[in-house]
Amino acid sequence: MASLASTFVSRGEAAPQADAFIEILADESLGVISPLLYGQFTEHIGGVIYDGVWVGERSKIRNYHGVRADLVDRLKEIHVPIIRWPGGCFADSYNWRDGVGPVAKRPRHTNFWEVDPDAQRLHEQGAQIFETNEFGTDEFARFCQLTGAEPYLAANVRSLPALEFDNWVEYCNSPAGSTSLAALRAEGGSRDPFNVRWWGVGNESWGCGGNFLPEDYAAEFRRYATWIPSFGLDLQLVGSGPNDNDLDWTNRFFEQIFASTHPYSNPHFRGWSVHHYSARHEQALRFEDASWYQVLKECDQIEQIIEDQWAAMGRYDKEHSVRLVVDEYGPWYVEGTEVDPAHIFGQQVTVRDALATALTLDIFNRHPEKVCMGTNAQLVNNINALFLCHEEKFLATPNYYVFGMYAGHQGGKALRANFSAPNIHYLYEGKSSNLWGMNGSASRKGNVITVTAVNTDVHSPKLTCVKLRGANIQQVSGTALFAADMHAHNTFEQPTNVQTTPLRTDLGGGEVTLTVPPGSVVKLELTVG
Ligand code: AHR
């Protein structure tokens, strides 16, 4: 990567020709960016819950009521808005009743992932094959309360009857003293309801969640969603949507729900989940330039998926009462870089993954009317983690810093913005391909405009000119995340190898000039008049 020092432009010097341009239209709002776009996903798999979130109340590791304290503190810093649990595929094997009541009496079961061929190593290690149910609904609710996040629970459609869904809602939400399940909740220490609004009706129902045909899943969905006790809450039910851009799944489900001879309307049906993983054959730490670009390009496909799925849904749901919930996303590499062998799907996170996460969040920001929630897969010791930890060792990955940089967008008004820089051309597996050079998003809250951008060019900095239409820039500050080595990542020995740094910006003639480092994520905060 090139040195930045020689490319800075100071006020008074003749400005060289810019390589990239950002134009923000302060008067053109695209809608409000739901804070829930910045959510996280946690599943009972490998090291996510046990070793990651939950260390137990008697642990020597600093904890709040058994929850890893470092994790809670860091999640508060980035204002985590919502956390999804207990899966993932695990959700459709989970009986919520196993995880409530006195911990000593909770049953021990084989974990769902024990049967997964990818988890063979876990069998050999003999660790975390069994679910102890030490972490259940009460512990998850506590984790959410500690971090300030809303809970988002995924119900079991494959292997529990619909009545158990009703019962779980009642356990979580019925008022203190009102029902037997509220009394059970109080026995566990939670007199007051958890007020869970968001519920997933199954997970990947086309696969691990039951291998349903869309018509059959639609019939199940009607059954599960038809009578749900709401306890005065505005419940938000999320249907199990497609794998990637499977339009057939969406068309056939929506046809059954909205346009069949027996149309069905449910005011609580608000979300349609989409999962998009990338890079399944790539390595987390060993890669060349072409793989850098290809992984970013594959992550970028979520924008097309959002547009295509939205158009398909709108053919049946004319009012667009249902919005997209991207509740699993991230680059998912081949195994071998997990910090502990028992952490199945655990992987290292480089600066490349920070760019992948940032460009995904920018896409969400650009479609605030279509996407109402995003939860990154997964929070800790898993695919696109914000944190890696094992026993007392803990680190924040480059992804954590991205969520910190982007937190200012939460609840902001998305603004139309144009980003332009030369395209990148590269050769991947013998085929020529290309990717945009710079893209991003902008939003406004009061007199502060937050602009975030990704420079995918791994070698060249971009001298960038930022113009604001419809308002005047009075002040600017910049932050960047980048590294001299494209494989850079954080380790227990060097936990802050990759982290944010202040970025020099120059305001003159109403415009901002800055040098965007190669292979970087940048944030500008513009104070406007
Ligand atoms: O995130 C890991 C797994 O990927 C989830 O359990 C499942 O929903 C998806 O296939």
Side-chain angles (χ1 to χ4, degrees), residues 39-53 82-94 110-122 128-129 131 135 140 152-159 198-212 217 238-246 249 271-282 284 298-299 302 305 324-335 337-338 342-347 349 353 356-357 360 373-388 397 399:
Q40 301 297 330
F41 167 39
T42 54
E43 176 168 9
H44 287 244
I45 177 175
V48 178
I49 297 297
Y50 303 110
D51 207 14
V53 175
I82 193 158
I83 305 175
R84 179 176 184 238
W85 176 83
C89 294
F90 177 84
D92 278 288
S93 69
Y94 182 60
T110 308
N111 183 294
F112 166 87
W113 289 100
E114 195 272 341
V115 300
D116 188 83
D118 290 347
Q120 282 306 318
R121 283 176 312 100
L122 187 66
Q128 297 172 3
I129 295 172
E131 173 55 58
F135 189 90
F140 176 68
Y152 167 26
L153 301 187
N156 179 345
V157 170
R158 177 174 66 81
S159 55
W198 288 91
W199 295 88
V201 183
N203 169 75
E204 297 194 349
S205 302
W206 40 265
C208 63
N211 265 312
F212 289 108
Y217 174 61
V238 179
S240 173
N243 184 26
D244 270 324
N245 206 0
D246 182 352
W249 176 266
W272 185 235
S273 89
V274 173
H275 294 176
H276 177 56
Y277 288 110
S278 328
R280 291 301 295 267
H281 306 296
E282 292 288 337
E298 287 181 20
C299 292
I302 191 69
I305 295 174
L324 288 161
V325 169
V326 185
D327 51 15
E328 293 188 26
Y329 66 86
W332 185 346
Y333 302 110
V334 295
E335 65 177 32
T337 61
E338 55 280 4
H343 292 184
I344 55 168
F345 306 152
Q347 61 186 36
V349 176
D353 303 308
T357 301
T360 304
M373 193 207 296
T375 59
N376 170 60
Q378 301 193 14
L379 175 68
V380 53
N381 291 338
N382 203 263
I383 298 162
N384 197 38
L386 274 63
F387 306 99
L388 298 177
T397 72
N399 279 339

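Note that ligands are numbered from 1 as they come in the structure, with each ligand's atoms numbered from 1 the same way.
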Apply side chain to side chain donor-acceptor pair (under 3.5 Å) to Q40 and list each qualifying residue two or more places apart in sequence or on a separate chain.
N376

Test side chain to side chain donor-acceptor pair (under 3.5 Å) applied to D92 - qualifying residues, sequence neighbours left out
none

Aromatic ring proximity, centroids under 6.0 angstrom, W85 and Y94
yes

May I have a table of the N/O to N/O pairs between ligand 1 and the protein that fall below 3.5 Å, each row giving the two atom names and the distance to 0.1 Å?
unit_1, atom_1, unit_2, atom_2, d
ligand 1, 1 (O), Y277, OH, 2.8
ligand 1, 1 (O), Q378, NE2, 3.0
ligand 1, 4 (O), E328, OE1, 3.3
ligand 1, 6 (O), E43, OE1, 2.7
ligand 1, 6 (O), E43, OE2, 3.0
ligand 1, 6 (O), C89, N, 2.9
ligand 1, 8 (O), N203, ND2, 3.1
ligand 1, 8 (O), E204, OE2, 3.3
ligand 1, 8 (O), E328, OE1, 3.0
ligand 1, 8 (O), E328, OE2, 2.7
ligand 1, 10 (O), E204, OE1, 2.8
ligand 1, 10 (O), E204, OE2, 3.1

Below 6.0 angstrom between ring centroids: does that apply to H44 and Y50?
yes

Give me the ring orientation class for Y217 and F212: parallel if the planes are under 30° apart, tilted from 30 to 60°, perpendicular past 60°.
tilted

Does D246 have any side chain to side chain donor-acceptor pair (under 3.5 Å) partners at least two apart in sequence or in another chain, and if so, which?
none

